[in-house]
Amino acid sequence: MLSLVQLYQLLLDFYGYQGWWPVDEGYHTAKGTDPRDEIIIGAVLTQNTAWRNVEKALENLKKYGELSLEFIRQVSTKELEELIRPSGFYRLKAQRLKHVAEFFNPTDVVEKVSREGLLKVKGIGKETADAILLYAGGRLSFVIDAYTKRLFKRLYGLDVGYDDLKSYVEENIPKDLTIYKEFHALIDEHAKAYCKSTPRCGGCFLKNFCLSAVPSS
DNA sequence: CCCCAGGGACATT
DNA sequence: AATGTCCATGGG
């Protein structure tokens, strides 16, 4: 069967470099805000939400406030709700952002916080914790999401819980930050494009490797 | 009209 | 441990 490294290479060849949340590429330096703050905030806002809606909220924060955890601490909950409204679940997420911003106040550095610590924060579950650790903290913590579960179940017949799947992936790919970040992003791209709720196996370049590919459709 | 999106907390069985 | 419900805006 297709190894995870082979799968990664095929996805990368097909979709190209995704570059989610590039901390080291300087796109953030315009206003001097910490890119890690933006990633942490984005990780909460994108919970069960399309990224295009999150972008609207991030733009509002940039335009009418500041895309930083310090601003999240300062602003009133009511105003924060209005700024992030386009991202959906806005009252819930305003509370979560407040909790997260408080967790990192003032000296907790994302490069050093523990996964267990993050998981104690109201509003941070396993996926959000791993996304923060990986993309903001530069830590080798692979992110599992609904897309990953769906793809691995169909492709490999692998149907296990979050931590088991996370461990499985981590044990079968190189311990490389770029690969961790890109593999997760590429899996999401493929799940959105082909391995959807109702899969489009017809045009899928992985169908010959897939346990559950439908011959036509 | 429908379904879904880069989930998580909490209640129920 | 597994499943159900709620949270909410914006697109397809």
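Letters A, B, ... mirror the listed sequences (proteins, then strands); counts begin at 1. The model shown is predicted, which means the values in this text are computed figures rather than measured ones.
Following chains of ILVMFWY side-chain contacts shorter than 4.5 Å, one can reach A:Ile179 starting from A:Phe14, so the two form part of one hydrophobic cluster.
The stretch residues 106-144 of chain A participates, sequence neighbours left out, in these ring-ring contact (aromatic ring centres under 6.0 Å, His included) pairs: A:Trp21-A:Tyr135, A:Phe142-A:Tyr180, A:Phe142-A:Phe183. Residue pairs that meet the salt bridge (Lys or Arg N to Asp or Glu O under 4.0 Å) test with at least one member in residues 162-171 of chain A, sequence neighbours left out, are A:Arg115-A:Asp163, A:Lys126-A:Asp163, A:Asp130-A:Lys166, A:Lys166-A:Glu170. Within the structure, salt bridge (Lys or Arg N to Asp or Glu O under 4.0 Å) pairs that include any residue of residues 94-113 of chain A comprise A:Arg36-A:Glu111 (at least two apart or interchain).
The phosphate of B:dG7 (OP1 or OP2) has no side-chain N or O of A:Thr128 nearer than 4.0 angstrom. Side-chain N/O atoms of A:Lys192 include one lying less than 4.0 angstrom from OP1 or OP2 on B:dG6.
Listed by residue number, there are no residues of residues 145-154 of chain A with a heavy-atom contact under 4.0 Å to DNA chain C. Taking a 4.0 Å limit (strictly below) on heavy-atom distances, residues 80-105 of chain A reaches DNA chain B at A:Leu92, A:Arg96. Within residues 40-47 of chain A, the residues having any heavy atom closer than 4.0 Å to DNA chain B are, in order of number, A:Thr46, A:Gln47.
A distance of about 15 Å separates the C1' atoms of C:dA8 and B:dC3, rounded to the whole Å.
Between A:Glu66 and A:Thr33, the closest side-chain pair of non-hydrogen atoms falls below 4.5 Å.
A:Ile144 places its CD1 atom 17 Å from the C1' atom of B:dG8, with the value rounded to the nearest Å.
Ring centers of A:His190 and A:Phe205: under 6.0 Å apart, within the cut-off.
No contact: A:Lys196 has no heavy atom under 4.0 Å from any strand.
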